[in-house]
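Have a look at the structure below, then the notes.
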Amino acid sequence: MSHIAFRDEAVELEADYVVVGSGAGGATAACELARGGARVALVEAGPWLDPEHYPHSTYGSMRDLFDDWGSQVARGQALWPLVQGSCIGGSTVINCAICVRTPDDIFEKWQREQGLPDLRGPILAHQDALERELCATEVPAESLGRSSALALQGANQLGYASRVMTRYVKGCLGSGQCLQGCRAQRKQSLNINFVPEVLSRGGTVLSCAPVRRILFSNSRAIGVTGRFRQPRTRRRGGAFTVRAKHAVFVAGSVTWSPVLLAQSGVRMPALGHYFRAHPGFGLFGVYDDPVDPNRGATQGWASVAFRESPGFKMETLAIPPEMMASRLSGGGTALLAKLRDYRHLAMWVIAVRAESVGTVRPGLLGKPVVRYSADRADMERVRKGLAQVARTHFAAGARRVLPVIYGLPYSIGPDEIRVIEDGPVDPRAYISILSHLFGGCVMGRDPATSVVDDRGRVHGYQGLVVADASVIPSNLGVNPQHTIMALARHFAQAALDAR
Amino acid sequence: MLNWLFFHVLSALYPHTEDFPGIAETGLAEFLPRFRRESAPLFRLGFYAAALVFVLSPILTVYLPVPSFLLSRRLLDKHADRITQFPLYPLRSLLLLLKVVAGLCWGAHPAVRARFGLPPLPADPTDWRTQ
Ligand SMILES: Cc1cc2nc3c(=O)[nH]c(=O)nc-3n(C[C@H](O)[C@H](O)[C@H](O)COP(=O)(O)OP(=O)(O)OC[C@H]3O[C@@H](n4cnc5c(N)ncnc54)[C@H](O)[C@@H]3O)c2cc1C
Ligand code: SF4
């Protein structure tokens, strides 16, 4: 059992399986392979931070936990940031651990459109097990926070279904710090469970180790190679090569996996295509009594009542105070006057089930370049979603709503929701963040339109599996981590069975 | 010189008011060199470009062909509010980046957090698992 962090000397290793990336997909696949008795090497670009190492500030989390400071943007009509983690545990360290099962219609869609077998049985069985192992529970009432309680009340008032969230969290303390990593170790990010289990089962973990290339012998993947990178100074260290006896699992995320395959010489028509996202948009309700948005679980309430039509999911979200100022319009004394309301603001968001499609390609410096624009139909979903959020705020007793949409008034009253419904359809008028990403190495039967098969195996190659969100061929309309982990486990079991 | 320029720009965006300390009082002097040393190159480049845009754009907002540091306090404040809401999207996006970076410094300060009803943040740890 060993952990190898940044070093200046060269490292050469051999394992049965090499897993690239330790996020939702990679850590789950690595753990499953190790449970099956295989020798696993898990190779992660970012550092290993234990909860006591997590930063307190947003500055620190962008520096230490986010991929490239969260500075990647999707290039399209608008420039929307793509936020992902880069550390042992990947994005699970900075996410809110919301756990939602793969909806039934998704399996049917995959069968119909991708020619895949029915994956419902195995995926739901894995999700059952994952819920037990990672302690999926509802946010306890005492940790819910006022923002989520208000949302519940607003939805009840309007008569649509909503609920307190289920998350992989053991006894949430409601500190509202999920995005900086849960120092109290309540959130079950995978750096505190599956990755240590890989070690305890005799595996090796390499951190600060970005893989540059997958090594091939003809069409068989036989290992990976790269150079260590010092996380703070970004200084390059020694080279590492990890050889794989059976297979290389690639789980670097939607942005990095297609790029790693392309840079390693994999040429396929569908590689880097079918990038999708749930663009996230928020607006604020202003309440008479303090809401204190950062007290309570970071996210505690959700509704999927509008997932199928018009196509959005609603959630509460507490962003750190450092981020609040940039979400409100203006600058100077006018901006600071708006911030006087801070304690009275509740931010609720929509994750849009957008149908727009983009691409992921390697850029000049080897970094991913994502091209993506939300089309008119998606922007209409955005308007409907934000109008529904505004309605819910007013039903919950908000005095005003701040739409934060360019060109609209700074604040509106209950009789003015129309301005959001008739608001701009130009994506540039909105501030959005892309954190639920899909595609780039999509799963399907036809090598002309997909990259991997129903076991994650790259078409036309041996010993090469992709096991992260990049294989998901459609938008889920719900938070993706549960689906990603179940697919990764399914692929790992299939690989063990085929040994 | 560069530091002086950043102080000028960021203080215009987050000035001292009756309710809040200005960014210059929230540890900006320590924050700036740290940010310049540690941030991702693309992020830093965008920040520099945004600061430059702020300085050179009063002609677009208060209709005066002068750099922002020559504006009166009242006009500078007007410029800061208008340029962050300017109709041209690339300009607005750059200014948003400036607000984000400034917010990382200002919003983490104990005096600002106290005003938001939040306890001070302890110092960030500086290490990670090496064994
Ligand atoms: C702020 C935020 C909140 C979210 N909240 C939720 C939520 O509550 N519920 C939910 O279901 N989903 C949530 N998500 C989405 C969810 O976290 C992601 O969909 C999921 O983690 C993606 O899994 P992944 O394995 O594809 O990639 P990741 O989890 O991002 O992991 C990829 C890992 O691979 C590493 N890597 C990349 N390239 C290389 C390379 N070349 N060599 C070595 N390592 C490499 C990266 O550093 C990273 O650590 C959230 C996401 C974010 C950013
Ligand atoms: S709200 Fe706080 S205690 Fe609860 S999971 Fe998030 S960080 Fe942990």
Side-chain angles (χ1 to χ4, degrees), chain A residues 3 5-6 47-50 52-64 68-73 77-79 87-88 207-208 231-234 290 292-295 320-327 329-337 339-340 342-343 367 406-407 426 428-429 431, chain B residues 12-20 22 31 34-35 37-44 46 54 76-85 87 89-90 92-93 95-108 112-113 115-118 120-131:
Chain A
H3 167 225
F6 175 87
W48 190 335
L49 276 80
D50 289 312
E52 69 267 23
H53 302 134
Y54 292 161
H56 298 272
S57 69
T58 305
Y59 175 91
S61 49
M62 287 171 77
R63 181 192 60 195
D64 297 345
D68 233 358
W69 279 71
S71 66
Q72 267 192 56
V73 289
Q77 229 184 326
L79 299 169
C87 51
I88 292 282
S207 64
C208 315
R232 199 56 64 77
T233 61
R234 304 188 83 74
D292 283 325
N294 297 94
R295 292 194 198 145
E322 292 104 304
M323 285 292 169
M324 193 65 111
S326 50
R327 293 307 299 252
S329 59
T333 54
L335 172 65
L336 296 195
L339 281 162
R340 277 202 300 244
Y342 179 85
R343 295 188 64 182
K367 290 189 179 177
Y406 182 74
D426 183 341
R428 289 172 296 193
I431 297 176
Chain B
L13 286 171
Y14 293 77
H16 179 96
T17 65
E18 260 176 32
D19 301 289
F20 293 106
F31 175 86
R34 195 152 62 99
F35 174 75
R37 205 172 49 243
E38 296 178 340
S39 57
L42 198 66
F43 210 63
R44 203 160 50 237
F54 184 95
L76 181 62
D77 193 41
K78 204 177 243 186
H79 172 59
D81 195 39
R82 289 186 179 169
I83 194 66
T84 48
Q85 304 178 71
Y89 181 68
R92 206 164 67 239
S93 303
L95 266 295
L96 179 65
L97 178 66
L98 210 54
K99 272 171 72 177
V100 169
V101 175
L104 294 176
C105 170
W106 183 82
V112 175
R113 289 181 57 86
R115 183 69 185 70
F116 291 159
L118 295 167
L121 289 171
D124 286 335
T126 51
D127 46 1
W128 55 87
R129 199 191 273 212
T130 51
Q131 298 288 316

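First the proteins, then the strands, lettered A, B, ... as listed; each starts at 1.
- No side-chain heavy atom of A:Y342 sits less than 4.5 Å from a side-chain heavy atom of B:R115.
- Your options are B:P122, B:C105, B:P41, and the one with the most heavy-atom pairs under 4.5 Å with chain A is B:P122.
- The contact between B:E38 and chain A is made by backbone and side chain atoms together, counting heavy-atom distances below 4.5 Å.
- Figure legend: A:R428 and A:Y406 shown without cation-pi pairing, the cationic atom not lying both under 6.0 angstrom from the six-membered ring centre and within 45 degrees of its axis.
- Interface remark: of the candidates B:V112, B:I83, B:T126, B:T126 forms the most heavy-atom pairs closer than 4.5 Å to chain A.
- Looking at B:F116, both its backbone and its side chain come within 4.5 Å of chain A, counting heavy atoms on both sides.
- Atoms CG and OG1, on A:L335 and B:T84 in that order, are 7.5 Å from each other to the nearest 0.5 Å.
- In this structure, chain B has no heavy atom under 4.5 Å from any part of A:M324.
- Of the atoms belonging to A:Q72, not a single heavy atom falls under 4.5 Å from chain B.
- A:E52 CD: more than 12 foreign heavy atoms inside a 6.0 Å radius.
- Summarising the geometry, atom CZ belonging to B:F54 is positioned 5.0 Å from atom CG belonging to B:L76; distances are rounded to the nearest 0.5 Å.
- Of the residues considered (A:R234, A:R63, A:H56, A:R295), A:H56 shows the highest number of contacts with chain B, using heavy-atom pairs under 4.5 Å.
- Interface check for chain B: of the options A:A78, A:S207, A:G407, A:P290, the most heavy-atom pairs under 4.5 Å are formed by A:A78.
- Summarising the geometry, atom CG belonging to B:L121 is positioned 6.5 Å from atom OG belonging to A:S57; distances are rounded to the nearest 0.5 Å.
- With rounding to the nearest 0.5 angstrom, the OG1 atom of A:T58 is 6.5 Å from the CG atom of B:L104.
- Interatomic distance, CG of A:L336 versus CD of B:E18, reported as 12.0 Å (0.5 Å rounding).
- When heavy atoms are compared at a cutoff of 4.5 Å, B:P87 approaches chain A by way of both its backbone and its side chain.
- There is no contact between A:R327 and chain B, counting heavy-atom distances below 4.5 Å.
- Taking B:P90, B:G107, B:S39, B:A12 one by one and counting their heavy-atom pairs under 4.5 Å with chain A, the maximum is reached by B:S39.
- Between A:P55 and A:L49, the shortest heavy-atom distance links the atoms CD-CD2, 4.2 Å.
- Counting heavy-atom pairs under 4.5 Å between each of A:A337, A:P231, A:A334 and chain B puts A:P231 at the top.
- Your options are A:L79, A:N294, A:T233, A:I88, and the one with the most heavy-atom pairs under 4.5 Å with chain B is A:L79.
- Heavy atoms of B:D127 lying under 4.5 Å from chain A belong to its backbone as well as its side chain.
- When heavy atoms are compared at a cutoff of 4.5 Å, A:A429 approaches chain B solely by way of its backbone atoms N, CA, C and O.
- In this structure, the portions of B:R34 lying under 4.5 Å from any heavy atom of chain A include both its backbone and its side chain.
- To the nearest 0.5 Å, atoms CH2 (B:W128) and CH2 (A:W48) are separated by 15.5 Å.
- Comparing B:H16, B:R92, B:R82, B:R113 by heavy-atom pairs within less than 4.5 Å of chain A, the highest count is held by B:R92.
- Looking at A:R343, the atoms closer than 4.5 Å to chain B (heavy atoms on both sides) all sit in the side chain, from C-beta outward.
- Contacts between B:A102 and chain A at a heavy-atom distance below 4.5 Å are absent for every atom of the residue.
- When A:A5, A:C87, A:G332 are compared by the number of non-hydrogen pairs under 4.5 Å with chain B, A:G332 comes out ahead.
- Of the residues considered (B:Q85, B:Q131, B:R37), B:Q85 shows the highest number of contacts with chain A, using heavy-atom pairs under 4.5 Å.
- A tilted orientation is assigned to the rings of A:W69 and B:F43, their planes being inclined by 30° to 60°.
- Interface remark: B:F35 contributes backbone and side-chain atoms alike to the contact with chain A (heavy atom separation under 4.5 Å).
- Contact annotation for A:Y54: only backbone heavy atoms (N, CA, C, O) come within less than 4.5 Å of a heavy atom of chain B.
- Annotation: cation-pi pair A:R340/B:F20 absent, no NZ/CZ under 6.0 Å from the ring centroid and within 45° of its normal.
- Counting heavy-atom pairs closer than 4.5 Å to chain B, the top residue among A:S61, A:G60, A:S329, A:P47 is A:S329.
- With chain A as the partner, the residue from B:L97, B:V101, B:L96, B:L95 showing the most heavy-atom pairs under 4.5 Å is B:L96.
- A:L339 touches chain B through backbone and side chain together, each having a heavy atom under 4.5 Å away.
- In this structure, chain B has a heavy atom under 4.5 Å from the side chain of A:D50, while its backbone stays farther away.
- Here the side chain of A:E322 pairs no donor or acceptor atom with the backbone of B:A108 at under 3.5 angstrom.
- Side chain to side chain, A:Q77 and B:Y89 fail the donor-acceptor criterion of an N or O pair below 3.5 Å.
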